[in-house]
A.B. asks: 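I have a structure I would like to understand better, so I am pasting it below and will then ask my questions one at a time.
Note that ligands are numbered from 1 as they come in the structure, with each ligand's atoms numbered from 1 the same way. Side chains included, hydrogens not; waters and symmetry mates left out as well; all remaining heavy atoms used.
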Amino acid sequence: MIDVRDIHKSFGDAHILKGISTTFEKGKTNLIIGQSGSGKTVFLKCLLGLFEPEEGGIAYDGKLYADLSDEEKRDLRQEMGMVFQGSALFDSMTVEGNVMFPLEMFTKQSKSEMKERVDAVLKRVNLIDAHHKFPSEISGGMQKRVAIARAIVMNPKYLFCDEPNSGLDPKTAILIDDLIKEITEEYNITTVINTHDMNSVMQIGEKIIFLKDGLLEWEGTKNEIFKTDNEAVTNFVYSSDLFKKVRQMYIQEQN
Ligand SMILES: Nc1ncnc2c1ncn2[C@@H]1O[C@H](COP(=O)(O)OP(=O)(O)OP(=O)(O)O)[C@@H](O)[C@H]1O
Ligand SMILES: [Mg+2]
């Protein structure tokens, strides 16, 4: 569980996060939604410890980040998996090399132990025959699977995903969303996902927070989001993304 307590983050004069408080529970897919520029990525980077808020704090399973020693911070980072926007795989490494990378960096496992673990997570994301391929040789959807496999290879307690299905066709996007949700439940991970995709909201929005201009404008579940009369939220929900959903339903009907 992650407990966010009134965090503020500025860059120079630009006050980006203006006091956000919320909680993200274990075993749940928590979504952060909001318009472009609302502060989603900055917020996610605060959760990852890449940015330290000037005010407020973040507690991970009861431990306040600011109170941790450098060593404890390092240990905590190793309990975090991250799926970056656009997958961010190493082009010069094979699929296997990409997934093995965190194990090589942070553990003292033998080559055969690492291989066994890599095989297991690649199997978990339904990639069986891609070990020796390079990222450029596989589809965007497969690249996302590799990125997810790499993010979970260290058995993280926390999983952060920035727009994990951007650039994918709607069907593949849903498969990726479902995979993240299944993994979250199976391994009881506290998962936080940035998205501006209403499909994802409908598919996996167990808890949703809506950011607007660096403030938490609304929070609730996927069922509540269609009932709220918060104007900022309804403007977001019924923007052109709705047409994407209609299109996706149409495509599903065709298949
Ligand atoms: N390192 C940085 N230095 C200065 N300003 C930054 C930095 N990172 C982000 N910002 C600013 O913070 C604001 C929020 O950016 P952020 O990337 O969090 O938006 P976002 O909600 O993720 O948008 P998108 O949906 O387009 O990804 C923007 O105005 C951006 O210019
Ligand atoms: Mg962003």
A.B. asks: Does this structure show an ion pair linking R5 with D3, if we count only N-O contacts that are shorter than 4.0 Å?
C.D. replies: yes
A.B. asks: What protein N/O/S atoms are found closer than 2.8 Å to the Mg ion (ligand 2)?
C.D. replies: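 The answer is T41 OG1.
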A.B. asks: According to salt bridge (Lys or Arg N to Asp or Glu O under 4.0 Å), who are the partners of K123, at least two apart in sequence or on a separate chain?
C.D. replies: none
A.B. asks: Are K28 and E185 within salt-bridge range, i.e. N to O under 4.0 Å?
C.D. replies: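 A salt bridge is absent here (no side-chain N lies under 4.0 Å from a carboxylate O).
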A.B. asks: Would you check ligand 1 and list the protein residues that come within less than 4.0 Å of it by any heavy atom, ordered by chain and number?
C.D. replies: F11, I16, Q35, S36, G37, S38, G39, K40, T41, V42, E163, H196
A.B. asks: Over 60° means perpendicular and under 30° means parallel, so classify the ring planes of Y158 and Y60, tilted if in between.
C.D. replies: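 The rings of Y60 and Y158 stand perpendicular, inter-plane angle above 60°.
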A.B. asks: Cationic tip of R77 within the cone over F106's six-membered ring, i.e. under 6.0 Å and within 45° of the normal?
C.D. replies: no
A.B. asks: So is K45 actually on top of F43's ring, under 6.0 Å and inside 45° of the axis?
C.D. replies: no
A.B. asks: Does CG belonging to N188 count more than 12 external heavy atoms closer than 6.0 Å?
C.D. replies: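 It does: N188 CG has more than 12 such atoms within range.
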A.B. asks: Side chains of S110 and E113: donor-acceptor distance under 3.5 Å anywhere?
C.D. replies: yes
A.B. asks: List the residues meeting side chain to side chain donor-acceptor pair (under 3.5 Å) with E163, not counting sequence neighbours, and say none if there are none.
C.D. replies: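 Checked E163 against side chain to side chain donor-acceptor pair (under 3.5 Å); zero matches.
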